[in-house]
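In what follows, a single structure is set out as structure tokens and then discussed.
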Amino acid sequence: GRQAKEFFQTDLGRYILGCCAQEIQEAQMSLVEVSWWNIWKIRRLQEKIWRARSMVAWVAELVRQGKQAEAAIAEGESNG
């Protein structure tokens, strides 16, 4: 968890999260403009959004798990 948080504070980590945000934004803009009958393009754009959102969610989950683990360790040390 801590390593994930630290990684995403690096230039590379911020770049990856920035790419996800940009991909989501671009796909959402394209989704608004695509014709309603173009089902395949709509699905591709939805998949792009899902993939980028999943990446961000996985990182958030790693950070959350890390914080929980650190809290459990700290609690164990204070009780020990």
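As the structure is a computational prediction, the values presented were derived from the model and not from experiment.
Environment of CD in Q25: sparse, with no more than 12 heavy atoms of neighbouring residues, nucleotides or ligands closer than 6.0 Å. Under a cut-off of 6.0 angstrom, the local environment of CG in L12 is crowded, with over 12 non-hydrogen atoms contributed by other residues, nucleotides or ligands.
W58 is connected to V56 through a chain of hydrophobic side-chain contacts under 4.5 Å among Ile, Leu, Val, Met, Phe, Trp and Tyr, so both are in one cluster.
The side-chain heavy atoms of Q28 and V32, taken from C-beta on, include no pair separated by under 4.5 Å.
The only member of D11, I16, L17 that meets side chain to side chain contact (heavy atoms under 4.5 Å, CB included) when paired with R14 is D11.
E61 has a carboxylate O that lies under 4.0 Å from a charged side-chain N of R64, or vice versa, which qualifies the two as a salt bridge.
The main-chain N or O of G13 is found under 3.5 Å from a side-chain atom of T10 such that the two form a donor-acceptor pair.
Among all heavy-atom pairs drawn from A52 and C20, the shortest one is CB-O, 3.6 Å.
For E23, there are no side chain to side chain donor-acceptor pair (under 3.5 Å) partners at least two apart in sequence or on another chain.
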Result block: side-chain N/O donor-acceptor pairs under 3.5 angstrom for residues 41-50, not counting sequence neighbours:
none

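Through direct or relayed side-chain contacts under 4.5 Å between Ile, Leu, Val, Met, Phe, Trp and Tyr, W37 connects to W36.
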